[in-house]
Amino acid sequence: VISAAEIGISFPLQRRDQLLEYVLTLMGRDQSDDLVDFSIELLQTQTVALSACTTLVSIEPRLPMETRNRVMKATLGFFALPTEPSNIVESLITNLIILLGAILLTSGEDGRSRAEQLLHILRQLDPYVSASAEHQRRRGCVAVHEVLVKFRNLCSGGFGASGSYPTLSLKHIDQGGPRGSSSLPSAFVLPNRDSLSLGERIMAYLPRCADTDDEVRKVAIQIIALFFNISLSLPKQKTSANDIDLESSYGALSSLEDIVSIIRRASVDQIEVFHRVVSSVCILLSKDELVVLLHSCTLAACDKVKQSADGSIQAIIVFIIRRGKDLREADVLRTTQSLLSSAIALTDKHSRQEVLNAISCLAENTNHIVVFDEVLFVAGRDICTKDITRIRGGWAIQDVFYVFSQHKVLATLFLEYILSILHKEPVATNDSEKGEINSESSADDCILQATMFALNAFLRGGGKVGKQAVEQSYPSVLSALILKLGGLHGLAELGRNELLRSLLIAFQSFCDCVGDVEMGKILARDGERTEKEKWIDLVQEVACSSSVKRPNEVLPTCVILSKSLDRNQRAEREAAAAALSEFIRHSEKEPALLEQMVEELCQHVTDDSPTVRSLCLRGLVQIPESHILNYIQQVLGVILALLEDATESVQLTAVQCLLTVLNVSEQDAVDPILISLLVRLRNLQISMNTKMRSNAFAAYGALSAYGAGSQHHAFLEQVTPSSHSGCFNI
């Protein structure tokens, strides 16, 4: 075949295809597509066979795409050959690279076809470019560079001779060749820049610029420079044409070519060279190319060469810091997904930490809510589908939580985000009564589990930065935990205890973080008691402990809880009312707060929940003694209304509270409603509830102290036995 080609003998199409089949049988593939053992004689035969294959590929008419791809599949495995015998193997690899160039040259006349063939060849070479063996990486990079040189020559209108092996010079352009395309319009001959998939390709070769092998690094830098050299000569789609600053781009390309020139003739600092390459690439990429590069970062971050992986991650961080403003929300989301995939795949602690730093950098320099959302979503998915305690190398998402909590900028933002999720109200599934939550979707449960896990990680692993953020947000954290404590006790009553346990773990971590030992003991003792009376008492004890330990935090905590009385979920309203009924006792030094709390409690004595009504009233009668007289008429008015409540437990609370209030009430406050109180109490004296009757009679007796006032005659009429025959028959 080679001799025939040298003397110009043509082949009929059928014979060409037959000869190609015969030549491919010499490539040494077994049934599993793996290369079999090679003898020196066979390697020599295959070296010649590759040259013959190049000749057959180059003959007109061009091979169809399927045949070209089959040729590549049959031959690319030679890149995995061992290094010995070196003289034969090197010759074989040289011929293989020439064959790839010939395949590119026969891909078509139009730019789009050529670009597609180029990308197909380059993607087939990727496994060798990123291989763990140095000699494979060297061969892969050299092959990529030579194919790119051929492609640049195509774009420049020249062709290298099919059988020649071009040098590694970046400036080299082969001249002459069997075919030309000068007669075709340039728009047809040239592909557009977007067809090069520049973002994906640069990410594939950037790790090699930080490789441990000196030759690999040099060739990789040439590849990147060559890619941008080609791209700047190609037309760009109108939609993104304004995205590239040509002056800056040519300056960055010049810097890249200077680096190429320097590394050819001198030994220079590897780290400095890599940083200069990254800086130039950062300028040269368009917005869309940058986005694709970041989406493609997983393989680079997990590169088989640790030095290359770490360099790739550092490059990603540089790109995010300098170009993060160019990323849209969807871009941030996909980049987060890629980085999380990298963190999950990596088991090396140092490399994983570098990826976590990149995720933090992304959150800091772009839309942090998008990043947090995706991290929490992945956390929820893992918690609900995996045993996270047995993940090899540890659960990466927990490490993300730790990094956020220790970050000076993100710690506060992440804590606020977690609290916003905890404060988010679940969707009621029963419309028959306000706020009755029978169940939540499994997806919501997973997110809530993840949120509580994140909060626990924040409280446990935040260090000084995290602790400071918690201290600054103490009222928000405490109120969120109290409200969720109520809401999850409501679910625990239905037999769903797993969420409550997760919350109690986070609540205990909060107690440890802020140094409230007493609150921690209260939670450890009664935290899992699901009876309503018990968890209401628990919330009140927690509020009491907080008031004693941190009196300065009562005001902001109450402001948050007062607004929570309007929430949809009944159990959360009950938790808010329980906490407020205790906090109000400790608000004597905050008259403005006290006035607001009294107003809120008075407004919510008409709540759908009897528990909320009772707790609001109990809160009102616990107004500090120094202020109670200012609100006595409002309190008595609420009591009067609730004495006729439809729920007996609320009526009983009203009677008991009346007894408490009468101890500090003055005559002029009671006189206007004295008779109304007597009438309502008289109705309760015939209750079947013994406790109700006894308290009603006690309150009736206590009111006798006010009978000598302006309502004296009316009072006597009410207490005269004949006026309500039999009411004193107990």
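The basis for the numbers below is simple: all heavy atoms, side chains too, and nothing from hydrogens, waters or symmetry mates.
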### Query
Where do A571 and G486 come nearest, in terms of heavy atoms and distance?
CB-O, 3.2 Å
### Task
Might you point out which heavy atoms bring L448 and K484 nearest each other, and give the distance in Å?
CD1-CE, 4.3 Å
### Query
Less than 4.5 Å apart, any side-chain heavy atom of N630 and any of L594?
no
### Task
Can you spot which of T335, L410, V371, I320 makes a side-chain contact (heavy atoms from CB on, under 4.5 Å) with I359?
V371
### Query
Yes or no on salt bridge (Lys or Arg N to Asp or Glu O under 4.0 Å) for D331 and R328, after CA distance, side-chain angles and deciding distance?
CA-CA 5 Å; D331 304 329; R328 298 157 298 191; 2.9 Å; yes
### Message
Quick one: does any side-chain atom of K408 pair with a main-chain N or O of V465 as donor and acceptor, under 3.5 Å?
### Response
no
### Task
Give a yes or no answer on whether the side chain of S562 reaches the backbone of C558 with a donor-acceptor pair at less than 3.5 Å.
yes
### Spacing of I673 atom CD1 and L678 atom CG [to the nearest 0.5 Å]
10.0 Å
### Steps toward side chain to side chain contact (heavy atoms under 4.5 Å, CB included) verdict (K534, L538)
CA-CA 6 Å; K534 295 297 182 181; L538 171 67; over 6 Å; no
### Message
Would you say the ring centers of F372 and F404 fall short of 6.0 Å from each other?
### Response
yes
### Message
Under the side-chain contact (heavy atoms from CB on, under 4.5 Å) test against M597, which residue among L620, I584, I623 passes?
### Response
I584
### Task
Could you check L500 against L485 for side chain to side chain contact (heavy atoms under 4.5 Å, CB included), going step by step and ending with a plain yes or no?
CA-CA 7 Å; L500 176 60; L485 189 65; 4.1 Å; yes
### Message
Is there a disulfide between C616 and C602 in this structure (defined here as SG atoms under 2.5 Å apart)?
### Response
no
### Message
Assess, by modelled atom type and distance only, whether the side chains of Q353 and N357 contain a donor and an acceptor separated by less than 3.5 Å.
### Response
yes
### Message
Looking at Q508 and G520, would you say the former's side chain and the latter's main chain have a donor-acceptor pair under 3.5 Å?
### Response
yes
### Query
Say you draw a straight line from CG of N683 to CG of L643; how long is it, rounded to the nearest 0.5 Å?
10.0 Å
### Message
Looking at S546 and A543, would you say the former's side chain and the latter's main chain have a donor-acceptor pair under 3.5 Å?
### Response
no
### Message
I want to check something: taking the side chain as every heavy atom from C-beta on, are V621 and I628 in contact at a cut-off of under 4.5 Å?
### Response
no
### Task
Please examine the side chains of L419 and L415, heavy atoms only from C-beta on, and report whether any two atoms are closer than 4.5 Å.
yes
### Message
Angle between ring planes, W395 versus F453, binned at 30° and 60°: parallel, tilted or perpendicular?
### Response
perpendicular
### Query
Is it true that a side-chain atom of Q633 and a backbone atom of A669 form a donor plus acceptor pair closer than 3.5 Å?
no
#### Entry: Closest approach of A577 to L615 (non-hydrogen atoms, all atoms of both residues)
CB-CB, 3.8 Å
### Query
If you round to the nearest 0.5 Å, how far is CG of L580 from CD of E600?
8.5 Å
### Query
Rounded to the nearest 0.5 Å, how far apart are CG of L684 and CG of N695?
10.0 Å
### Message
Looking at S479 and S476, would you say the former's side chain and the latter's main chain have a donor-acceptor pair under 3.5 Å?
### Response
yes
### Task
For the residue pair Q449 and S502, confirm or rule out a side-chain donor-acceptor distance under 3.5 Å.
yes
## Note on the structure
Tightest non-hydrogen contact, residues I383 and A450, listed as CD1-CA, 3.6 Å
#### Entry: Smallest separation among heavy atoms of V559 and L593, with atom names
CG2-CD1, 4.3 Å
### Query
For residues Q540 and S581, is any side-chain donor paired with an opposing acceptor at under 3.5 Å?
yes
### Query
Between the side chain of R567 and the main-chain N/O of H423, is any donor-acceptor distance below 3.5 Å?
yes
Please report, to 0.1 Å, the donor-acceptor pairs under 3.5 Å made by any side chain of residues 455-464, with sequence neighbours excluded.
unit_1: N456; atom_1: OD1; unit_2: S509; atom_2: OG; d: 2.3
unit_1: R460; atom_1: NE; unit_2: S509; atom_2: OG; d: 2.8
unit_1: R460; atom_1: NH1; unit_2: D512; atom_2: OD2; d: 3.0
unit_1: R460; atom_1: NH2; unit_2: S509; atom_2: OG; d: 3.4
unit_1: R460; atom_1: NH2; unit_2: D512; atom_2: OD2; d: 2.9

### CD/Q472: more than 12 non-hydrogen atoms of other groups inside 6.0 Å
yes
### Query
Do side-chain atoms of R573 reach the backbone of N568 as a donor and acceptor pair under 3.5 angstrom?
yes
### Task
Could you check if a side-chain atom of L340 sits within less than 4.5 angstrom of a side-chain atom of I397, using non-hydrogen atoms only?
yes
Residues 548-556, side-chain donor-acceptor partners within the protein, below 3.5 Å, at least two apart:
unit_1: K549; atom_1: NZ; unit_2: G515; atom_2: O; d: 3.3
unit_1: R550; atom_1: NH1; unit_2: E471; atom_2: OE1; d: 2.8
unit_1: R550; atom_1: NH2; unit_2: E471; atom_2: OE1; d: 3.1
unit_1: R550; atom_1: NH2; unit_2: E471; atom_2: OE2; d: 3.1
unit_1: R550; atom_1: NH2; unit_2: V514; atom_2: O; d: 3.2

### Task
Test V355 against R352 for side chain to side chain contact (heavy atoms under 4.5 Å, CB included), laying out the working first.
CA-CA 5 Å; V355 175; R352 176 180 284 184; 5.6 Å; no
### Query
Taking atom CZ of R525 as the centre, does the number of heavy atoms from other residues, nucleotides or ligands within less than 6.0 Å exceed 12?
yes
### Message
Return the CZ to CG distance between R613 and L642, rounded to the nearest 0.5 Å.
### Response
7.5 Å
### Query
Hey, does M452 have a side-chain heavy atom less than 4.5 Å from the side chain of I505?
no
### Query
Between the main-chain N or O of G701 and the side-chain N or O of S704, is there a donor-acceptor pair closer than 3.5 Å?
yes
### Criterion side chain to side chain contact (heavy atoms under 4.5 Å, CB included) on F510 and V470, from CA distance to verdict
CA-CA 8 Å; F510 171 71; V470 173; 4.0 Å; yes
### Summary
In this structure, CG of L523 is separated from CG of L481 (nearest 0.5 Å) by 9.0 Å
### Message
Treating S614 as the side-chain partner and T611 as the backbone partner, does any N or O pair qualify as donor plus acceptor under 3.5 Å?
### Response
no
### Message
Minimum heavy-atom separation for Q634 and V598, please, with both atom names.
### Response
NE2-CG1, 4.0 Å
### Task
Find out whether I447 and K424 are in side-chain contact, i.e. whether some heavy atom of one side chain is under 4.5 Å from a heavy atom of the other.
no
